[in-house]
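Letters A, B, ... mirror the listed sequences (proteins, then strands); counts begin at 1. Given the structure is predicted, the values throughout are model-derived calculations rather than measurements.
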Amino acid sequence: QKEVEQDPGPLSVPEGAIVSLNCTYSNSAFQYFMWYRQYSRKGPELLMYTYSSGNKEDGRFTAQVDKSSKYISLFIRDSQPSDSATYLCASSGTYKYIFGTGTRLKVLA
Amino acid sequence: NAGVTQTPKFQVLKTGQSMTLQCAQDMNHNSMYWYRQDPGMGLRLIYYSASEGTTDKGEVPNGYNVSRLNKREFSLRLESAAPSQTSVYFCASSERPRTVLPDTQYFGPGTRLTVL
């Protein structure tokens, strides 16, 4: 079993929709949870990170962590065609930094 | 600032050939990483370097060697390429050591390698 699991998609939504992207993780030692965005043929770039449980908001993006269920979510409000990309979750603890496989998102104009 | 740069962008090798992938960062970061990204497997760490002159194996080090010659540059060498090494290779860097959290990693644009 992979330590971080992510549905690969693809996920297609109309412009303006609320998008929910999810990951699960299995290692209780993970403390930090990240979301990276990767455009086609580019390297991943960090969107945001959260520590332990709770929510963190940055503009149209909200990251949520539920440590009790080992569930990580990224919500995108008012999605735009420019949000079309692959979103990778990542979890880290001492000596480990594990990426999910990524979910491909397409926002249709 | 260029951030993290990688060369070449694309490469085709024949089985058994060798090559070196180059990576450089201009952010004065201490830690540097080499990953490979394969469909359905995500990003997997090949090697990690916490500082100049030090390297550690990651999840999938077999068939690769690395060299951290100075703080800026971290190269990945394939001594005898195999078709299983066909992948997209990403170099990344971070300010903090891997054991200090949070650890934001900055990625290069990647090298697409095909081994025939």
Side-chain angles (χ1 to χ4, degrees), chain A residues 1-10 21-54 56 58 63 65 67 72 85-104, chain B residues 1-10 21 23-25 27 29 31-50 56-60 74 87-114:
Chain A
Q1 183 195 5
K2 293 178 184 172
E3 289 187 271
V4 176
E5 299 267 11
Q6 189 173 6
D7 189 327
L21 302 167
N22 306 295
C23 287
T24 58
Y25 66 96
S26 59
N27 192 330
S28 299
F30 288 150
Q31 300 172 54
Y32 286 90
F33 305 92
M34 284 66 63
W35 284 96
Y36 284 79
R37 178 175 59 198
Q38 185 177 18
Y39 290 114
S40 181
R41 297 185 176 265
K42 301 285 186 186
E45 56 178 342
L46 182 70
L47 264 181
M48 54 199 306
Y49 72 86
T50 54
Y51 172 69
S52 193
S53 283
K56 187 172 183 179
D58 184 0
V65 176
K67 289 197 83 177
I72 313 163
T86 296
Y87 290 81
L88 296 92
C89 63
S91 301
S92 71
T94 306
Y95 299 110
K96 276 195 172 187
Y97 198 110
I98 306 295
F99 286 87
T101 53
T103 298
R104 197 151 46 97
Chain B
N1 282 354
V4 180
T5 57
Q6 292 182 236
T7 54
K9 287 188 168 53
F10 302 93
L21 282 65
C23 173
Q25 52 92 8
M27 295 174 281
H29 284 171
S31 299
M32 296 187 75
Y33 312 79
W34 275 106
Y35 289 92
R36 59 179 290 174
Q37 187 176 38
D38 303 288
M41 301 297 291
L43 281 162
R44 292 181 292 169
L45 183 67
I46 305 172
Y47 269 95
Y48 159 68
S49 171
D56 287 298
K57 293 179 180 178
E59 189 182 349
V60 288
F74 189 35
S87 187
V88 182
Y89 291 85
F90 288 101
C91 177
S93 70
S94 64
E95 183 180 6
R96 303 174 190 227
R98 193 169 171 221
T99 55
V100 176
L101 304 175
D103 174 25
T104 300
Q105 298 187 19
Y106 297 85
F107 286 80
T111 295
R112 292 181 174 269
L113 175 67
T114 300

Enquirer: Can you tell me how far OG of B:Ser31 sits from OH of A:Tyr97, rounded to the nearest 0.5 angstrom?
Expert: 11.5 Å
Enquirer: Considering only heavy atoms, which portion of A:Tyr51 lies under 4.5 Å from any heavy atom of chain B: side chain, backbone, both, or neither?
Expert: neither
Enquirer: Report the C-alpha separation of A:Phe99 and B:Tyr35 in whole Å, then their side-chain angles, then the decisive distance to 0.1 Å, and conclude whether the side chain to side chain contact (heavy atoms under 4.5 Å, CB included) test is met.
Expert: CA-CA 11 Å; A:Phe99 286 87; B:Tyr35 289 92; 3.6 Å; yes
Enquirer: Kindly state whether the ring of B:Phe107 and the ring of A:Tyr36 have centres lying under 6.0 angstrom apart.
Expert: yes
Enquirer: Non-hydrogen atoms of chain B under 4.5 Å away: do they reach the side chain of A:Gln6, the backbone, both or neither?
Expert: neither
Enquirer: Output the distance between atom CE (A:Met34) and atom CD (B:Gln105), rounded to the nearest 0.5 Å.
Expert: 8.0 Å
Enquirer: Pick one of side chain, backbone, both or neither for B:Arg44, based on which atoms fall under 4.5 Å of a heavy atom in chain A.
Expert: neither
Enquirer: Count the heavy-atom pairs under 4.5 Å between each of A:Gly43, A:Pro44, A:Gly100 and chain B, then report the option with the highest count.
Expert: A:Pro44
Enquirer: Just verifying a value: how many Å separate A:Gln38 CD and B:Leu43 CG, rounded to the nearest 0.5 Å?
Expert: 6.5 Å
Enquirer: Which bit of B:Gln37 is near chain A, if near means a heavy-atom gap under 4.5 Å: side chain, backbone, both or neither?
Expert: side chain
Enquirer: Need one label for B:Phe90: side chain, backbone, both or neither, based on atoms under 4.5 Å from any heavy atom in chain A.
Expert: side chain
Enquirer: At their closest point, which heavy atom of B:Met41 faces which heavy atom of A:Lys2, and how far apart are they?
Expert: CA-NZ, 4.3 Å
Enquirer: Count the heavy atoms of every other residue, nucleotide or ligand shown that sit under 6.0 Å from NZ of A:Lys56, and state whether that count exceeds 12.
Expert: yes
Enquirer: Drop me the distance from A:Glu3's CD to B:Glu59's CD, to the nearest 0.5 angstrom.
Expert: 8.5 Å
Enquirer: Other residues, nucleotides and ligands only: do more than 12 of their heavy atoms fall within 6.0 Å of OH on B:Tyr106?
Expert: no
